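Okay, so here's the structure we're looking at.
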Protein chains: 2
Amino acid sequence: MSDSSRRPAGAAVLRQEVTGAIIEAALAELTDHGYARMSMDAVARRAGVGKAAIYRRWSSKEPLVLDLLTELADQAVPLPDTGTLYEDVAGFVRHTSALRADTRAMRILTDLTAEATRNPRLATAMHTTAELPRRAAATELLQRAVDRGELPADLDLDLATDCLIGLAYLRPRTPWQPSEPLDPGVLARLVEVILAALTACRG
Amino acid sequence: MSDSSRRPAGAAVLRQEVTGAIIEAALAELTDHGYARMSMDAVARRAGVGKAAIYRRWSSKEPLVLDLLTELADQAVPLPDTGTLYEDVAGFVRHTSALRADTRAMRILTDLTAEATRNPRLATAMHTTAELPRRAAATELLQRAVDRGELPADLDLDLATDCLIGLAYLRPRTPWQPSEPLDPGVLARLVEVILAALTACRG
DNA sequence: CTACAATGGAACGCAACCGTTCCGTCTCAT
DNA sequence: ATGAGACGGAACGGTTGCGTTCCATTGTAG
């Protein structure tokens, strides 16, 4: 492509290494200090990079952070399709629990959620990269169950999706509480409750 | 008391007026810019007050914000005891929905939640002033229903409390979405779902 | 009327941060 | 070998914020 003709291959490799170091350092700084207190000087220092190298890639702090968000989203693992509602829901809860146990992702998402209150671009990015895919996955999981007859045909898909997500997010209840590993017994009971709630989501 | 002998009564009244103006201004600044970007200069300017007047009352920014938190908590309205689980739950959902519709309170709580991730004192304050009372109210509501026989005697109170709070918080799903007023039909369906979930919370 | 305490306002020193610019070095493609 | 381009590092000017200090004003108590 045109890049390879305009930029030496070796430089491209080096550029990617530097870019990766910047992204990793920015993620770490964002985790430690939050969006408002994340300093470009600290990112450069942590990455072992000159500030110029950062500003050569991103025009300012905000675009950099927006890219970090997609970086986080790319790490999300797709949900398996197990064939039964019970196992699908259990997988969804485990998936959610794992996300909440990821201290770095949770700190960043909690922080950017607060920041999104005041920054429309960030709010849009959060919506499209974090909320929409998760919601779509939940809805698809439920639709499959409806198609199999495990859930009533007149299910209120929207409400059911809310319930599934809301209940899967139960523990830990607040971001500042460390997330203990999900006990299998607790998981089983939680799944039963979720199934009861879903069944009640009639249109 | 000793205060009245050491401080003129008129000065005390004036002090309270200034204190109130500072608190109101700090709440506004906190809402507009968040904890990290809330500046003491801006608070003083907004309150029409000298910075010295602030630092005469609080040693720094953090204690001031911690006091704001209790200020917010004092505005919380206690839940009524209606005598039926259905109405109690409906009241709880309405109560929660009203809180989420309060843009100022939501912005501040969302912001301080993120900040609490990195500030243990703030996390403790959030826990005792925001989480514990709400959780206690939910648990008490459920215990009354158990006593009346509306919920099974072997109810898992802890799990049920989580479910009640988690489901009541469903809409809006994210803090940056404006909260539309809760439609009565939606409320009724949501309450039905919550009751189904609660009934499934067996120990 | 006098003494006093709290006030608004302005300025201070200090530190941090942003985004830019410059330097000397290093690594490649030619 | 040579030139181009990205590099780390350091410094810059300008802004912002914190917490302190000073001062002239205000209003009350005695």
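Protein chains get the first letters and strands the later ones, always in sequence-line order, with residue 1 at the start of each. Here the structure is a predicted model, which is why all the values come from computation and not from measurement.
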Please examine the side chains of B:V43 and B:I54, heavy atoms only from C-beta on, and report whether any two atoms are closer than 4.5 Å. yes
Between D:dA10 (P) and A:I54 (CD1): distance, integer Å: 15 Å
Nearest 0.5 Å please: distance from the CG atom of A:L30 over to the CD atom of A:E115. 9.5 Å
Atom OH of A:Y55 and atom P of D:dA6 are separated, to the nearest Å, by 19 Å
Which of these nucleotides, C:dA6, C:dC18, D:dG19, is closest to any side-chain atom of B:R56? C:dA6
With A:A145 via side chain to side chain contact (heavy atoms under 4.5 Å, CB included) - residues at least two apart: A:L85, A:R148, A:E150, A:L151
Which heavy atom of A:A138 sits nearest to which heavy atom of A:T161, and what is that distance? CB-CG2, 3.9 Å
What is the distance, to the nearest angstrom, from the CD atom on B:E29 to the P atom on D:dG17? 9 Å
Which whole-number value in Å describes the distance from B:R57 CZ to C:dA6 P? 9 Å
Over all strands shown, is B:S59 touching base, sugar-phosphate only, or nothing at heavy-atom distances under 4.0 angstrom? nothing
Just do the salt bridge (Lys or Arg N to Asp or Glu O under 4.0 Å) check on B:D111 and A:R118 with the steps written out, would you? CA-CA 10 Å; B:D111 197 87; A:R118 287 172 221 93; 2.8 Å; yes
Taking only heavy atoms on the protein side, list every residue of residues 30-51 of chain A lying under 4.0 Å from any atom of DNA chain C, sorted numerically. A:M38, A:S39, A:M40, A:D41, A:K51
Of the listed nucleotides C:dT7, C:dG9, D:dC18, the one nearest the side chain of B:K61: D:dC18
Could you tell me whether a side-chain N or O of A:R57 sits under 3.5 Å from a main-chain N or O of A:A53, the two making a donor and an acceptor? yes
A:I22 CD1 - D:dA6 P separation (whole Å): 13 Å
What is the distance, to the nearest angstrom, from the CG atom on A:L64 to the P atom on C:dG19? 11 Å
